[in-house]
Amino acid sequence: MSEPRATRRADAVTASAVGRAVHVLAALLLVLDEGSHQFSIVAERTNGTTVTADLSLSVGAAPLRVTHCAEEYLRFLALLTFALEYSAVRHAVLVATTADEPSPRACGWTVRAGWLHPMDTRELQEAVIPCPGSAEPLRLVYPAPTLHRPDEATEEHAHE
């Protein structure tokens, strides 16, 4: 007996979102460059619950170093995938904080239409202000770079 079409379509949509999630991670590493980066994703599911995941990466002359266990990495990748697939997630935001002296830097993206789009810096600044009495340092917010979407035509091939 063959699989129903709806199941095959859902599998294709999820597979596409997995591919985009992996592409997002690679694009983030390219635009953020060397340093220690903390990625935090917060997603509001369609049932109203909030889900979060964090991932820390260090990029430098040495090989890429992930400072989380495989389970935490997979949790982050799964949440990013579901956010990009957007059937189970209503709204999601990804914030990247880069360790920097004297203050860490942060930029963020909101997930819309299956991809990450730069957040408004004022909105992000409000979101990353430490709670009163917190030992967490104030993060310097800067505009997030635009991430190249893998299914967009590149400039050199756009006119072919």
Side-chain angles (χ1 to χ4, degrees), residues 3-33 35-57 59 64 66-99 104-134 136-154:
E3 283 186 69
R5 273 185 212 210
T7 301
R8 287 192 306 259
R9 167 117 173 82
D11 289 348
V13 169
T14 301
S16 173
V18 169
R20 282 179 282 145
V22 170
H23 188 85
V24 161
L25 288 176
L28 286 170
L29 295 176
L30 286 173
V31 299
L32 295 176
D33 207 15
S36 294
H37 309 289
Q38 170 79 29
F39 299 113
S40 299
I41 187 167
V42 178
E44 179 188 2
R45 295 173 43 178
T46 54
N47 67 3
T49 59
T50 301
V51 184
T52 65
D54 297 310
L55 181 66
S56 295
L57 301 172
V59 181
L64 174 69
V66 178
T67 56
H68 285 287
C69 69
E71 187 176 293
E72 289 168 324
Y73 171 78
L74 291 173
R75 176 183 167 83
F76 182 88
L77 188 61
L79 184 53
L80 180 58
T81 298
F82 283 114
L84 293 169
E85 191 267 337
Y86 62 85
S87 70
V89 172
R90 184 178 298 140
H91 180 74
V93 171
L94 188 143
V95 174
T97 301
T98 301
R105 297 176 293 123
C107 61
W109 296 264
T110 186
V111 179
R112 281 192 323 269
W115 194 245
L116 275 67
H117 302 273
M119 276 181 81
D120 177 72
T121 53
R122 284 177 298 185
E123 197 178 333
L124 179 60
Q125 185 65 61
E126 290 175 15
V128 300
I129 291 176
C131 296
S134 169
E136 189 176 326
L138 182 64
R139 291 181 260 182
L140 301 174
V141 170
Y142 65 98
T146 300
L147 301 178
H148 171 73
R149 189 173 178 150
D151 53 359
E152 289 178 341
T154 61

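Between the CG atom in Leu147 and the CG atom in Leu116 there is a gap of 6.0 Å [rounded to 0.5 Å]. Rounding to the nearest 0.5 Å gives a distance of 4.0 Å between CZ of Arg139 and OG1 of Thr97. In this structure, the separation between CG on Leu25 and CG on Leu55 is 6.5 Å, given to the nearest 0.5 Å. The structure places CG of Leu84 at 5.5 Å from CZ of Arg20, a figure rounded to the nearest 0.5 Å.
Under the side chain to side chain donor-acceptor pair (under 3.5 Å) criterion, Glu44 pairs with Arg90, sequence neighbours left out. The salt bridge (charged side-chain N to carboxylate O under 4.0 Å, His left out) search around Arg105 returns Asp100, not counting sequence neighbours.
Checked options Gln38, Arg75, Glu72; the residue passing with Asp54 is Gln38 (criterion: side chain to side chain contact (heavy atoms under 4.5 Å, CB included)).
In this structure a side-chain-to-backbone donor-acceptor pair under 3.5 Å is present from Trp109 to Pro145.
The closest side-chain donor-acceptor pair between His117 and Thr110, if any, does not fall under 3.5 angstrom.
Across every non-hydrogen atom of Gly108 and Leu124, the tightest pair is N-CD2, 3.3 Å. Closest approach of Leu80 and Ala21 over heavy atoms only: CD2-O, 3.7 Å. Here the closest heavy-atom approach between residue Ala83 and residue Ile41 is recorded as CB-CD1, 4.3 Å. For the residue pair Leu32 and Ala96, the shortest heavy atom distance occurs at CD1-CB, 3.7 Å. Closest of all the heavy-atom pairs between Ala88 and Glu85 is N-OE1, 4.1 Å.
Within a 6.0 Å radius of CZ in Phe39, more than 12 heavy atoms belonging to other residues, nucleotides or ligands are found. More than 12 heavy-atom neighbours from other residues, nucleotides or ligands sit within 6.0 angstrom of CD on Glu136.
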Check the pair Leu94, Val111 against side-chain contact (heavy atoms from CB on, under 4.5 Å), reporting the backbone distance first and the verdict last. CA-CA 8 Å; Leu94 188 143; Val111 179; 5.7 Å; no
Kindly determine whether Glu123 and Val141 satisfy side-chain contact (heavy atoms from CB on, under 4.5 Å), including the steps that lead there. CA-CA 10 Å; Glu123 197 178 333; Val141 170; over 6 Å; no
Decide yes or no on side-chain contact (heavy atoms from CB on, under 4.5 Å) for His23 and Arg149, but give the supporting numbers first. CA-CA 8 Å; His23 188 85; Arg149 189 173 178 150; over 6 Å; no
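Contact check for His91 versus Thr50: no side-chain heavy atoms found under the 4.5 Å cut-off. Between Phe76 and Ser40, the closest side-chain pair of non-hydrogen atoms is not below 4.5 Å.
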